[in-house]
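Everything below concerns the one structure shown next.
By convention in this document, chain letters (A, B, ...) are assigned in the order of the sequence lines, proteins followed by strands, and residues within each chain are numbered from 1. Since this is a predicted model, take the numbers as computed values, not measurements.
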Amino acid sequence: MTAKDSSWLDLYQTLLDAWGPQHWWPADSPFEVMVGAILTQNTAWSNVEKAIGRLRQAQALTVSAVLKARDAELEEWLRPAGYFRVKAKRLRAFCQFLEEQGVAEQPQLLGLDLETLSLRALLLGVHGVGEETADSILLYALGRSIMVVDAYTRRIGSRLGWVGASIGYKDLQGVIEASLPTKSGVPLRKEFHALLVSLGKEHCRPRNPRCHRCPVQAFCRYGQGVSDQGRVRAD
DNA sequence: ATCCGGACGC
DNA sequence: GCGTCTGGAT
């Protein structure tokens, strides 16, 4: 047990102390979380909200309604979320999957008899569901204890000097999971991922990071004048 | 490595 | 106008 083994947990605690709970995932039902997880792929959440609003307006926020809709209709509802043709296919494929699993009426019952990792593998078999989307569904819609990692997490970990910038999804997830408690960790993981997204948006941005009032500055070599390339910054 | 894409902040 | 947005498939 080195000091570094608990650094991700320290990061979580520091962010939570600074900002408090982020109240993720905003949705009225587990199915709405699943829909949001697919629609938010590489897309700003504000645009996803519009698309979900259109689905709700059309009373199409159910598995059966999505499956009954025509392609052009579904695409029009999803348009504000971008990639609307791609996402219409993915949402339809996901709803077909829920129907095949016999949970079209109660999507929150998906995989009740399965271990988390088995259910994860099942989700990854659905067209349009990759690792981050699968884990978002597992954690936020189905209440499974699994850490969601993303581009923000990778950038933050890299700038903190804890992982390589090109670390793969599973490796990054493994490193973080190793430092988190396994017991009653669902609320922690929900908050941690949400806090990392906030940090990535507000301070640890891709370009022009705002290190000035960053709550994690004390941990960070970047904030101490070192750039992504390991050189001292000019500013 | 490229494509998908509208909405938003700057 | 440009870069970016709670990625995944080809």
Side-chain angles (χ1 to χ4, degrees), chain A residues 11-12 15-16 19 21-27 30-55 57 71-97 120-142 144 146-159 165-173 176 186-210 228:
Chain A
L11 174 60
Y12 163 70
L15 291 174
L16 186 63
W19 292 336
Q22 302 296 297
H23 305 107
W24 270 32
W25 187 296
F31 179 64
E32 191 177 320
V33 174
M34 299 175 190
V35 172
I38 291 169
L39 297 187
T40 199
Q41 292 166 1
N42 204 38
T43 298
W45 183 253
S46 58
N47 292 340
V48 175
E49 286 181 312
K50 293 179 189 170
I52 291 180
R54 287 207 203 190
L55 289 171
Q57 187 69 24
D71 282 340
E73 204 171 21
L74 193 52
E75 288 172 4
E76 198 52 37
W77 294 331
L78 300 187
R79 178 182 290 270
Y83 303 105
F84 54 91
R85 293 185 188 88
V86 170
K87 287 176 179 174
K89 286 191 180 65
R90 291 180 183 178
L91 181 57
R92 190 184 297 282
F94 186 74
C95 288
Q96 281 168 354
F97 163 75
R120 187 177 196 271
L122 190 62
L123 285 167
L124 288 176
V126 182
H127 174 83
V129 178
E131 295 190 288
E132 184 176 341
T133 303
D135 290 338
S136 294
I137 291 171
L138 287 168
L139 180 63
Y140 290 103
L142 301 175
R144 304 294 185 123
I146 192 162
M147 184 66 196
V148 179
V149 304
D150 57 13
Y152 292 124
T153 316
R154 185 174 295 103
R155 184 169 66 244
I156 291 164
S158 168
R159 286 184 178 161
S166 60
I167 187 173
Y169 186 99
K170 286 295 285 179
D171 289 339
L172 177 57
Q173 185 180 46
I176 299 176
V186 172
L188 185 155
R189 284 162 177 76
K190 286 182 178 178
E191 284 305 333
F192 194 13
H193 177 237
L195 287 162
L196 287 169
V197 171
S198 294
L199 183 62
K201 294 168 83 77
E202 300 301 320
H203 295 281
C204 206
R205 308 185 297 183
R207 311 188 177 182
N208 305 110
R210 296 162 132 172
D228 288 323

Exercise. Answer yes when A/D71 and A/R92 have at least one side-chain N-carboxylate O distance shorter than 4.0 Å, and no when they do not.
Key: yes
Quiz prompt | C/dC5 versus B/dC4 - spacing of their C1' atoms, nearest Å | solution = 14 Å
Quiz item: For atom P, what is the distance between B/dA7 and C/dA9, given to the nearest Å?
Solution: 25 Å
Quiz item: Do A/W24 and A/W45 pass the ring pair (Phe, Tyr, Trp, His ring centres under 6.0 Å) test, and can you show the C-alpha distance, the side-chain angles, and the key distance before you say yes or no?
Solution: CA-CA 12 Å; A/W24 270 32; A/W45 183 253; 7.6 Å; no
Quiz item: With sugar-phosphate meaning primed atoms plus P, OP1 and OP2, does A/A81 contact a base, only sugar-phosphate, or nothing at under 4.0 Å between heavy atoms?
Solution: base
Quiz item: If the sugar-phosphate is the primed atoms plus P, OP1 and OP2 and the base is the rest, what is the B/S/- string for nucleotides 5-10 of chain C, using protein heavy atoms under 4.0 Å?
Solution: BBBBS-
Quiz prompt | Heavy-atom side-chain contact between A/R120 and A/D135 under 4.5 Å | solution = yes
Practice problem: Report the distance from atom CZ of A/R205 to atom C1' of B/dC10, rounded to the nearest whole Å. | Solution: 10 Å
Quiz item: Rounding to the closest angstrom, what is the interatomic distance between B/dC10 and C/dT6 at atom P?
Solution: 14 Å
Practice problem: Using the side-chain contact (heavy atoms from CB on, under 4.5 Å) rule, take A/E76 and A/L78 through it: C-alpha gap first, then chi angles, then the decisive distance, then the call. | Solution: CA-CA 5 Å; A/E76 198 52 37; A/L78 300 187; over 6 Å; no
Quiz prompt | pair A/Y140-A/H193: side-chain heavy atoms closer than 4.5 Å | solution = yes
Practice problem: Mind listing the closest non-hydrogen atom pair of A/E75 and A/A88 along with its distance? | Solution: CG-CB, 3.7 Å
